[in-house]
Amino acid sequence: MRNSLAQKFDQLKTDISELKKVLYSKYSCDPYSVITEIAENYSDHLKQKEIKLSIEKKYTGKQGALIKSFELADIIDNLIQNAIRSIDDKVKNEISIIISTKTPKLIIETNNNGKVIPKKDYQKIFEDGYSTTGSTGSGLYLSRKILEKYGGKISLSHSNEKLGTSFKIELHEGIIK
């Protein structure tokens, strides 16, 4: 009887593992591909504003992120738009995106050397409707809500003259078919 229960438990673990693979692959994307595609959409605009955008992938091969590609695209699009709006004719206008892994997480960091966000606003910028530029103020709020749906999160790491402004996105690793 005990042996039979152990076998059933092992089978249940196997079944759950297979189900997880199916679900993860359905709700996963290749973040590097998504980010490079979004960046290409901005190439003319960035060139016109003399902003250099760099994307660095700090892992080899393909790595999935547990989020649908169109939702990650919306988040990255918003962060790039915000960065472009914050850059004001400096000598060296830069936006960088770094993708790395820290198992079981996939990390996306966006950095720019635009206007500094005051420390008192670090949490406020994620509130619905908050804007200092006249935009809708929904982008970061919606980004946070989308990421929460997948067990991920977004935070403002720092914003100062020396290091610039850096956002950090944490997602669960996904499975790419």
Side-chain angles (χ1 to χ4, degrees), residues 28-102 105-119 121-122 124-147 150 152-171 173-174 176:
S28 293
C29 70
D30 175 359
Y32 182 74
S33 297
V34 171
I35 291 167
T36 54
E37 187 175 323
I38 292 299
E40 285 174 20
N41 293 338
Y42 281 97
S43 62
D44 291 340
H45 189 64
L46 292 168
K47 196 178 293 181
Q48 178 187 6
K49 291 190 132 266
E50 298 180 5
I51 299 172
K52 179 186 176 210
L53 173 65
S54 63
I55 301 168
E56 182 181 0
K57 183 174 98 167
K58 290 190 168 185
Y59 55 89
T60 56
K62 283 192 170 195
Q63 177 60 57
L66 186 59
I67 187 169
K68 287 195 171 192
S69 60
F70 73 91
E71 290 175 306
L72 180 59
D74 286 347
I75 293 166
I76 297 302
D77 184 71
N78 177 259
L79 288 170
I80 290 173
Q81 283 183 44
N82 289 350
I84 291 169
R85 275 197 295 270
S86 78
I87 292 174
D88 56 356
D89 299 328
K90 294 187 176 190
V91 174
K92 203 173 182 184
N93 301 320
E94 297 179 323
I95 300 170
S96 69
I97 301 173
I98 301 164
I99 313 160
S100 61
T101 60
K102 189 172 182 180
K105 300 285 185 184
L106 185 121
I107 312 294
I108 302 169
E109 294 173 271
T110 65
N111 304 290
N112 71 73
N113 65 339
K115 292 178 186 143
V116 172
I117 299 169
K119 273 197 191 275
D121 292 341
Y122 276 28
K124 197 180 268 190
I125 61 173
F126 294 101
E127 293 175 8
D128 192 20
Y130 182 80
S131 173
T132 59
T133 64
S135 67
T136 65
S138 295
L140 290 172
Y141 170 79
L142 292 173
S143 295
R144 181 170 268 177
K145 290 298 178 193
I146 290 168
L147 290 164
Y150 292 98
K153 60 184 177 179
I154 184 171
S155 59
L156 176 58
S157 301
H158 60 264
S159 185
N160 59 56
E161 285 295 328
K162 186 175 182 181
L163 299 172
T165 299
S166 179
F167 285 90
K168 181 178 181 181
I169 297 170
E170 293 181 51
L171 286 160
E173 291 178 337
I176 300 176

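All values below come from the heavy atoms of this structure, side chains included, with hydrogens, waters and symmetry mates left out. Note that the structure is predicted; figures quoted are calculated from it, not measured.
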What's the separation between atom [atom1] in [X] and atom [atom2] in [Y], rounded to the nearest 0.5 Å?
X      : Y      : atom1 : atom2 : answer
Thr165 : Ile125 : OG1   : CD1   : 8.5 Å
Tyr42  : Gln48  : OH    : CD    : 13.5 Å
Leu171 : Lys153 : CG    : NZ    : 11.5 Å
Asn112 : Asn82  : CG    : CG    : 9.0 Å
Ile75  : Ile67  : CD1   : CD1   : 4.0 Å
Glu127 : Ser138 : CD    : OG    : 12.0 Å

Mark yes or no for whether [X], through its side chain, and [Y], through its backbone, hold a donor-acceptor pair below 3.5 Å.
X      : Y      : result
Asn160 : Leu163 : yes
Lys57  : Gly61  : yes
Ser131 : Gly137 : no
Tyr122 : His158 : no

*Should Lys52 and Asn93 be marked as a side-chain contact (heavy atoms from CB on, under 4.5 Å) after you check the CA-CA gap, both sets of side-chain angles, and the distance that decides it?*
CA-CA 6 Å; Lys52 179 186 176 210; Asn93 301 320; over 6 Å; no
Indicate yes or no: at least one non-hydrogen side-chain atom of [X] is less than 4.5 angstrom from one of [Y].
X      : Y      : answer
Phe167 : Leu140 : yes
Ile169 : Ile154 : yes
Ile98  : Lys58  : yes
Ile99  : Ile107 : no
Asp77  : Gln81  : yes
Glu56  : Ile97  : no
Leu106 : Gln63  : yes
Leu53  : Ser96  : no

Tyr150, OH: over 12 other non-hydrogen atoms inside 6.0 angstrom:
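Yes - once you tally the heavy atoms of other residues, nucleotides and ligands closer than 6.0 Å, there are more than 12.
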> Are more than 12 heavy atoms from other residues, nucleotides or ligands located less than 6.0 Å from atom NZ of Lys105?
Replying inline: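 Enclosed: over 12 neighbouring heavy atoms sit under 6.0 Å from NZ of Lys105.
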Minimum heavy-atom separation for [X] to [Y], with atom names?
X      : Y      : answer
Glu161 : Val116 : OE2-CG2, 3.4 Å
Glu94  : Ile87  : O-CD1, 3.8 Å
Lys115 : Arg85  : NZ-O, 4.3 Å
Asp121 : Tyr130 : OD2-OH, 3.0 Å

Can you list, pair by pair, the side-chain donor-acceptor contacts under 3.5 Å of residues 28-41, counting residues two or more places apart and other chains?
residue: Ser28; atom: OG; partner: Tyr24; partner atom: O; Å: 2.3
residue: Ser28; atom: OG; partner: Ile175; partner atom: N; Å: 3.0
residue: Asp30; atom: OD1; partner: Tyr32; partner atom: N; Å: 3.2
residue: Asp30; atom: OD2; partner: Ser33; partner atom: OG; Å: 2.8
residue: Thr36; atom: OG1; partner: Tyr32; partner atom: O; Å: 3.0
residue: Thr36; atom: OG1; partner: Ser33; partner atom: O; Å: 3.0

Go through it in stages, so that I can follow the logic: the residues are Ile108 and Ile76, the test is side-chain contact (heavy atoms from CB on, under 4.5 Å), and I'd like the CA-CA distance, side-chain angles, deciding distance and then a yes or no. CA-CA 9 Å; Ile108 302 169; Ile76 297 302; 4.1 Å; yes
Please tell me whether Asn78 and Asp74 have a donor and an acceptor in their side chains that are separated by less than 3.5 angstrom.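 Looking only at side-chain atoms, Asp74 and Asn78 do not form any donor-acceptor pair under 3.5 Å.
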Identify, with sequence neighbours excluded, every residue that meets salt bridge (Lys or Arg N to Asp or Glu O under 4.0 Å) alongside Lys145.
->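 With neighbours one apart ignored, the set is Glu148.
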* To do: Could you check Thr110, Leu79, Asn111, Ile84 and say which one makes a side-chain contact (heavy atoms from CB on, under 4.5 Å) with Ile95?
  =>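 Considering Thr110, Leu79, Asn111, Ile84, a side-chain contact (heavy atoms from CB on, under 4.5 Å) with Ile95 is found only for Ile84.
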